[in-house]
2 protein chains.
Amino acid sequence: MSLRMQYTIGQVAEKSNLSIHTLRYYEKEGLLPFIKRNGSGIRIYEDEHIEWLKFICCLRDTGMSISQLKDFVELTVQGDATVEQRIQMLELQKQTVQEQVNTLMSYIGMIDFKIGMYAGQAKDGRESAGQPE
Amino acid sequence: MSLRMQYTIGQVAEKSNLSIHTLRYYEKEGLLPFIKRNGSGIRIYEDEHIEWLKFICCLRDTGMSISQLKDFVELTVQGDATVEQRIQMLELQKQTVQEQVNTLMSYIGMIDFKIGMYAGQAKDGRESAGQPE
DNA sequence: GCTTGACTTAGAGCTTGCTCCAGGGGCTAT
DNA sequence: ATAGCCCCTGGAGCAAGCTCTAAGTCAAGC
C-alpha cells in the first residue's frame, strides 16, 4: 500500500527546476507521453515522472537533443523488446560523457597554463599590448 | 630570426576545425581584433592567432558566450593593466569547468544506474511497457 | 583574355530550445 | 457572484551561434 503522491505542473516545476513552459514544451515534444489528466484537463504528475524528468535532464545536459530524447522515450514506451537497444544508447552516451570529461580536464590544463603566463607578465610586465597570444 | 608562417582563412579553417564563416563571424564579433590584411583585403593569419583561436574554443566550449569572450579580448588588447582582471576571469572559469566535470561524473553514475536497471529487466523481463521510470 | 578557385562584403536565414502572450476554464474563499 | 489563483491551448517571439547567399575582387594558369 504505497501512498502515491500527485503533483500539478507548478509543483513539478519547483521540484525539477524546469519552468512550467518547459514542462509543457517537453510534453508536446513527446518526452512525457504518460502524463495523465484529471477531469478538467489538468496534468497530474507522480513521483516516478519527476524521476524521469531528472533523467531526461541528465541526458539533455550531456548533449542529447530533444529529438534524440524523444526517440529514446519511444523505445521505452515500446517495452521489453527494446531494452537492448536502450542499453546500447546509454552505453554510447556514457562514453561521450567520459570524453566530455576528458576534454574538460584538458581545458582546465589550458586555462591553468594561460593563468601561469599572465601571472608571469603581471610580475615583469613584458606584455606587448594589443597582441593576445 | 623565427620564420613566421602566414595563412589564409581557408587554411586556418582546416587547422582550427572552425568554418570560414565562423572565423569571419568571430572577427566581426570582436574576437580577433588583430588580424591584418594584405593589399587585396585578404586576411593574413599567423601561428599565434591559431593558438589564440584554440584558446577561444576552449573558453567557448566551457560555456563562455561570444560576448563574454569579446570582453576578455578587449581586456587583453588593453595590455598589462588588465592582467589581474584576466587572471580572475580565468580562475572563475576554471572553477566552473571543475563544477561541470563533477556534474558530468555524477551523470555517468546516473546512466550506469539506469543501464543496471535495464540489464535486470532484460534478464527477467518484468518491465511494464509504456511506463518509463 | 578567360576560366578557376579562393577570397571579399553585407545581410538574410536557419536551428535549437526555450519563453511568453492572449484568451479562456475552473476551483475556492469571501 | 466576484476575486484570485493556477491551470489550459495555440501560436508567436526570442537569443545564441552559426550558416549561407548574392554579387563581386583578385591572382594564377592555360
Side-chain angles (χ1 to χ4, degrees), chain A residues 5-46 49-50 52-73 93 96 100, chain B residues 5-46 49-50 52-73 93 96 100 103 107:
Chain A
M5 292 290 291
Q6 299 192 325
Y7 310 92
T8 63
I9 199 168
Q11 292 167 324
V12 175
E14 268 195 35
K15 273 181 175 282
S16 65
N17 286 316
L18 295 167
S19 75
I20 290 177
H21 300 302
T22 302
L23 287 169
R24 288 200 274 245
Y25 169 67
Y26 282 0
E27 189 173 330
K28 192 166 64 179
E29 293 301 313
L31 269 44
L32 305 164
F34 39 70
I35 304 296
K36 302 284 182 295
R37 308 293 184 101
N38 72 6
S40 313
I42 306 282
R43 290 170 180 81
I44 304 297
Y45 296 78
E46 308 199 357
H49 304 146
I50 293 171
W52 180 249
L53 276 168
K54 284 182 188 160
F55 190 60
I56 280 180
C57 288
C58 159
L59 295 180
R60 178 198 64 180
D61 291 348
T62 55
M64 201 176 274
S65 70
I66 301 288
S67 85
Q68 281 176 303
L69 278 166
K70 187 189 173 170
D71 295 343
F72 186 77
V73 170
Q93 188 68 7
T96 76
Q100 287 168 30
Chain B
M5 292 291 291
Q6 299 194 323
Y7 310 93
T8 64
I9 198 167
Q11 291 168 323
V12 174
E14 269 195 34
K15 272 178 175 283
S16 66
N17 286 316
L18 295 167
S19 74
I20 290 177
H21 299 302
T22 302
L23 286 170
R24 287 200 274 246
Y25 168 67
Y26 282 179
E27 189 172 329
K28 192 166 65 180
E29 293 302 313
L31 269 46
L32 305 164
F34 39 70
I35 305 294
K36 301 286 180 295
R37 308 295 184 97
N38 72 7
S40 313
I42 308 284
R43 290 170 180 83
I44 304 299
Y45 296 78
E46 308 198 359
H49 303 145
I50 293 172
W52 180 250
L53 275 168
K54 283 183 189 157
F55 189 60
I56 279 181
C57 289
C58 158
L59 295 180
R60 178 200 63 181
D61 291 348
T62 54
M64 201 176 275
S65 70
I66 301 289
S67 85
Q68 281 176 301
L69 278 166
K70 187 189 173 171
D71 294 344
F72 186 77
V73 170
Q93 188 69 6
T96 76
Q100 287 168 28
T103 303
Y107 285 158

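Chain letters run A, B, ... following the sequence lines, proteins first and then strands; every chain starts at 1. Model, not experiment: these values are computed from the prediction.
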> What contact category does B/S65 fall into here, base, sugar-phosphate, or nothing, at under 4.0 angstrom with non-hydrogen atoms?
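Sugar-phosphate, backbone atoms only, no base.
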
> Specify whether B/F55 and B/W52 have parallel, tilted or perpendicular ring planes, treating 30° as the upper limit for parallel and 60° as the lower limit for perpendicular.
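Ring orientation of B/F55 relative to B/W52: tilted.
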
> According to a strict under-4.0 Å criterion, is B/R43 in side-chain N/O contact with OP1 or OP2 of C/dT8?
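For B/R43, the contact criterion (side-chain N or O under 4.0 Å from OP1 or OP2 of C/dT8) is met.
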
> Using whole Å, report how far CD1 of B/I20 lies from C1' of D/dG17.
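So the CD1-C1' distance, B/I20 to D/dG17, works out to 18 Å.
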
> Distance check needed: C/dT9 C1' versus B/I9 CD1, whole Å only.
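Going from CD1 in B/I9 over to C1' in C/dT9 covers 12 Å.
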
> Figure out the CD1/C1' separation between A/I56 and C/dC18, and round it to whole Å.
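Those two atoms, CD1 and C1', are 15 Å apart.
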
> Could you tell me how far apart B/L23 (CG) and D/dC20 (P) are, to the nearest whole angstrom?
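In whole Å, D/dC20 P lies 14 Å from B/L23 CG.
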
> Please state how far atom CD1 in B/I44 lies from atom P in C/dA6, giving the value in whole angstrom units.
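One finds 16 Å between P of C/dA6 and CD1 of B/I44, rounded.
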
> Within this structure, what is the OH-to-P distance between B/Y25 and C/dA12, rounded to whole angstrom?
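That distance rounds to 16 Å.
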
> Using the closest heavy atom to pick a nucleotide of DNA chain D for each, name whichever of A/S40 or B/R24 lands nearer the 5' end.
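Looking at DNA chain D, the more 5' nearest nucleotide goes with A/S40.
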
> Flag the pair B/H49 / B/L53 as yes when at least one side-chain heavy-atom distance between them is below 4.5 Å, and no otherwise.
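SC-SC contact between B/H49 and B/L53 ruled out.
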
> Using 0.5 Å steps for rounding, measure from the CD1 atom of A/I44 to the NZ atom of A/K36.
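A/I44 atom CD1 to A/K36 atom NZ measures 11.5 Å (nearest 0.5 Å).
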
> Should B/Y26 be listed as having a side-chain N or O under 4.0 Å from OP1 or OP2 of D/dC18?
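It does, given that an N or O in the side chain of B/Y26 lies less than 4.0 Å from OP1 or OP2 of D/dC18.
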
> Would you please confirm or rule out a distance under 4.0 Å between OP1 or OP2 of D/dC7 and any side-chain N or O of A/T8?
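Yes, because at least one side-chain N or O of A/T8 sits under 4.0 Å from OP1 or OP2 of D/dC7.
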
> If you measure only the distance, is there a donor-acceptor pair under 3.5 Å linking the side chains of B/T62 and B/Q93?
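The criterion, which ignores hydrogens and geometry beyond distance, is satisfied for B/Q93 and B/T62.
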
> With nearest nucleotides of DNA chain C determined for A/I42 and A/T22 from heavy-atom distances, which residue corresponds to the more 5′ nucleotide?
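On the 5' side of the pair lies A/T22.
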
> Could you state the atom-to-atom distance from CZ of B/R37 to P of C/dA6 in whole Å?
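Whole-Å distance recorded here is 19 Å.
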
> To the nearest Å, how far apart are B/E29 CD and D/dA15 C1'?
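After rounding, the gap between these two atoms is 13 Å.
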
> Does the distance from a Lys or Arg side-chain N to an Asp or Glu carboxylate O, for B/E29 and B/R60, drop under 4.0 Å?
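Salt bridge absent between B/E29 and B/R60.
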
